[in-house]
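First comes the structure, then the notes that go with it.
The structure presented is a predicted model; accordingly, all values stated were derived computationally and were not measured.
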Amino acid sequence: MTVASVVVDVKNLSVDRPFDYLVPPEWEGLIEPGMRVIVPFGSRKVQGFVVSLKEKAEREQLKAIIEPMDEQPVLTEELLELGEWLSENTLCLKIAAFQAMLPAALKVNYEKYLVPAGGNPGEDPGYFRELFQNRDKIGWDEALRLVEKGALYRGIREGLLRVEYRIKSKGTVRKETYYVPAVPKESFSEKRASLPKTARKQLEIADFYLEHFHAHSAAELRERFPQFSGPVNALIRKGMLKKEEREQYRDPYEHQAVEPSRPHPLTPEQEEAVRPVRRAIESGEPDVFLLYGVTGSGKTEVYMHAIRQVLEKGKEAIVLVPEIALTPQMVARFKSRFGDKVAVLHSGLSAGEKYDEWRKIQRKEVQVAVGARSAVFAPFENLGIIIIDEEHETTYKQEETPRYHARDVAIRRAQSHRCPVILGSATPSLESFARAKKGVYKLLKLEKRMNNMPLPSVEIVDMRKEMHAGNRLMFSRLLMEKMKDRLERGEQTVLLLNRRGYATFLLCRGCGYTMVCPNCEVTLTYHKVSDTVKCHYCGYEGSAPKRCPACGGEHIRYFGTGTQKVEEELKKLFPEARVIRMDVDTTRRKGSHEKLLKDFYEGKGDILLGTQMIAKGLDFPNITLVGVLSADIGLNMPDFRAGERTFQLLTQVSGRAGRHRLPGEVVIQTYAPDHYSVKLARDYRFLDFYRHEMNMRKRGNYPPYYYLVLIVVTHENAMTAAKIIHQIASFLRGRLDERTIVLGPGASPISRLNNKYRYQLLIKYKRDPNLFPALKQISRLFIKEQTKDGVGIHIDVNPYSLL
DNA sequence: AGCACGCCGACT
DNA sequence: GTCGGCGTGCTC
């Protein structure tokens, strides 16, 4: 007797543990850990993951597994273990951890419906028949809408109706029909000879097969022989061909021809950087390397050389890239070097395409996975290296449960596989650099740019002085002059403004009223294109008021500048310039991001204006000027990482200029020209920035000196949320180490979001063995309030956003 | 989460 | 009496 321990797909803490099921004899030996199965759970049927098998049950009366959903496990032993680790460390449900590691196509939908169930026909009250209207089943919800609840329950009790459950898979394997020769070529040829002379089409198709003697898809045949189905079916009847359904991959890069490329020779500096990595690959030492290399120093080439070595050893590699850097340019680079050994996983793919890329990995058809955050879970079994490019990027932290950081997951996986990790960046996160300094990570440096191009020269413009000099435009005189110059020379300019929309808030000069989102405690942004006001947090959109909603006055003024307004101003100042605007509003459609970049690359634009999405990956030879319109945005955020983010953004965007033959220039406009982040970014002084910022962090008891845990309680009623967070606070106090600091509780910086009030608590700790046990208890303690009253309790270990 | 079971007010 | 509302506890 084999018993399977199964974690069921029910998102509730009370069932967040394995349940035991009998493996039915017919599936004996076929069901393995890591497979999805369908099991009875209470009166329902649910999906579950087999986490382990054992020989005997610890209790009587086990139910049996209904059926497996997979032929092969979808989670390896290592990933099952990783799932346990994830749920422990991010405090999420096991089932949520497992699902986060798999493509969405493997999730399922549940359907509850009614079927007529024999019963005694004489007792059939007739209206059930009416209910079904000749259908053999009806959805539960639809039945509830049509018939009294009582009548349904009566029908069920009396045996006239039966409730059934169905589990529907979301993703599908795409199949295509192929026509395959049914006999060897010689007998095929003989059969061809005995075809009647009048069957012209059949002869034609048979000859085609003789010439290309292999399987052909229906699509291919249709192209050559538009009316192929009749004759082909005749050939099938005559035993010459047979029909076959074959699995097909959806290939999003199908129409992109990629030229193969050879590895570039490394510079002595790159060679030196890659050497310790090579040793670790060879010895299987799970070292973490921090590759600190200035922009344009050729980090990617170092990655590729390491990957090549890994592939030569018959092992596999994962490369993580921030989502917005996952451009066709970037993908092409890997595809050209490693050909069809590469699978690409990013959010631009459809669920089906992602599923197909994932299956290529699962089936060992590829050895390299390039992708955004979740690609860290690529189901390789013989990893030789994990690379995280732009490791400082905050997109590596998932902001929904499971709230994991890809860097932590990568390091954990590397330990299981005994392989190295490379974290690469020109502006490493403070956390990583501090670890490198302590020797926890190994520091590798690239200080020279490829081709020895100097870093662009950066000038800071004090916008307060511009104002005093009577310039009220968004552009300083210096920046305008340089832009004019680029336009005349036919070179390109990149402008960064980290704010979309037209105006960031609307204020009535009559009464001081500002427009706030009806669902959130956030000012609304005016969008001129649509003449609407939008909430950038919940997506609310309303028409822009002509009069003040409070006093009826007509003096509504628009403050704060977004990309739309800059675009408008640009058109006035430089009517001849072709401006490409790139922000969430212009890139929402699939593929538009790529299209805009391609247009700019091909010279269809003189100025690229955008939010931070343009700061990364751009590697265009004709960009010689970068303008940062307002470096202060973000600096005033209530976030201890504001200075770090600003430094990183300024450095990254500066790196976009002058990457090739033409030298680059950067103009940074700011109202805070003396801020250390701005000044140190101008001179590319990362080390000085690091020292300064570390001091700030030390004084504020922030990472990397302390770890953080953020607890947020949400509820539509402010009092309820406040009450719960206070109860949590008093529960924690006294239970924690005396060096652990509890900040708050208090209202969140965004005190209301999507009609829910938000209260929070920030915990700072160094080492506290009591903390995690206490955190785990919190959700259990308030489980009633969570299910009954809709109280939300969110615990974020190492949060990146404190809003 | 979603379902059964069980205990109380309202209507036929 | 019976129906249907919601609170409680369980799911291998």
- Basic-acidic side-chain contact under 4.0 Å: A:Arg407, A:Glu431: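 A salt bridge is absent here (no side-chain N lies under 4.0 Å from a carboxylate O).
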Verify the contact: side-chain N or O of [X] to OP1 or OP2 of [N], cut-off strictly under 4.0 Å; return yes or no.
{"X": "A:Lys63", "N": "C:dC12", "value": "yes"}
{"X": "A:Lys112", "N": "B:dC3", "value": "yes"}
{"X": "A:Tyr165", "N": "B:dC3", "value": "yes"}

- Task: Would you please indicate if the ring centroids of A:Tyr800 and A:His405 are separated by under 6.0 Å?
- Result: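 Distance test on ring centres: under 6.0 Å, yes.
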- Message: For A:Tyr706 and A:Phe640, I'd like to know if the aromatic rings sit close, meaning centre-to-centre distance below 6.0 Å.
- Response: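 Ring-ring flag for A:Tyr706/A:Phe640: false, centres at least 6.0 Å apart.
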Rounded to the nearest angstrom, tell me the gap between atom [atom1] in [X] and atom [atom2] in [N].
{"X": "A:Asp9", "N": "B:dG2", "atom1": "CG", "atom2": "C1'", "result": "13 Å"}
{"X": "A:Lys788", "N": "C:dG9", "atom1": "NZ", "atom2": "P", "result": "12 Å"}
{"X": "A:Leu93", "N": "C:dT11", "atom1": "CG", "atom2": "P", "result": "19 Å"}
{"X": "A:Lys45", "N": "C:dT11", "atom1": "NZ", "atom2": "P", "result": "21 Å"}
{"X": "A:Asp16", "N": "C:dC10", "atom1": "CG", "atom2": "P", "result": "18 Å"}
{"X": "A:Asn109", "N": "B:dG2", "atom1": "CG", "atom2": "P", "result": "12 Å"}
{"X": "A:Phe41", "N": "C:dG9", "atom1": "CZ", "atom2": "P", "result": "17 Å"}
{"X": "A:Asn12", "N": "C:dC10", "atom1": "CG", "atom2": "P", "result": "14 Å"}

- Message: Let's see if you can work this out: which of B:dA1, C:dC12, C:dC3 has an atom nearest to the side-chain heavy atoms of A:Ser14?
- Response: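 Closest nucleotide to the A:Ser14 side chain: B:dA1.
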- Query: Do A:Arg36 and A:Phe49 meet the cation-pi criteria used here (NZ or CZ under 6.0 Å from the six-membered ring centre, within 45° of the axis)?
  - Reply: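 Relative to the ring axis of A:Phe49, which defines the angle, A:Arg36 lies outside at least one limit.
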- A:Tyr707 atom OH, over 12 foreign heavy atoms within 6.0 Å: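 Count not over threshold, so no.
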- Under 4.0 angstrom, heavy atoms only, what part of the nucleic acid is A:Pro18 near: base, sugar-phosphate, or nothing?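 Since no nucleic acid heavy atom lies under 4.0 Å of A:Pro18, the category is nothing.
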- State whether the distance check finds a donor on one side and an acceptor on the other, under 3.5 Å, for side chain A:Ser43 versus base C:dT11.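 Answer is no: no donor-acceptor pair is held.
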- Polar side-chain contact A:Arg59-C:dC12 base: donor and acceptor under 3.5 Å: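 Indeed there is one.
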- Message: Taking the nucleotide of DNA chain B with the nearest heavy atom to each, does A:Tyr153 or A:Gln786 sit closer to the 5' end?
- Response: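 That would be A:Gln786.
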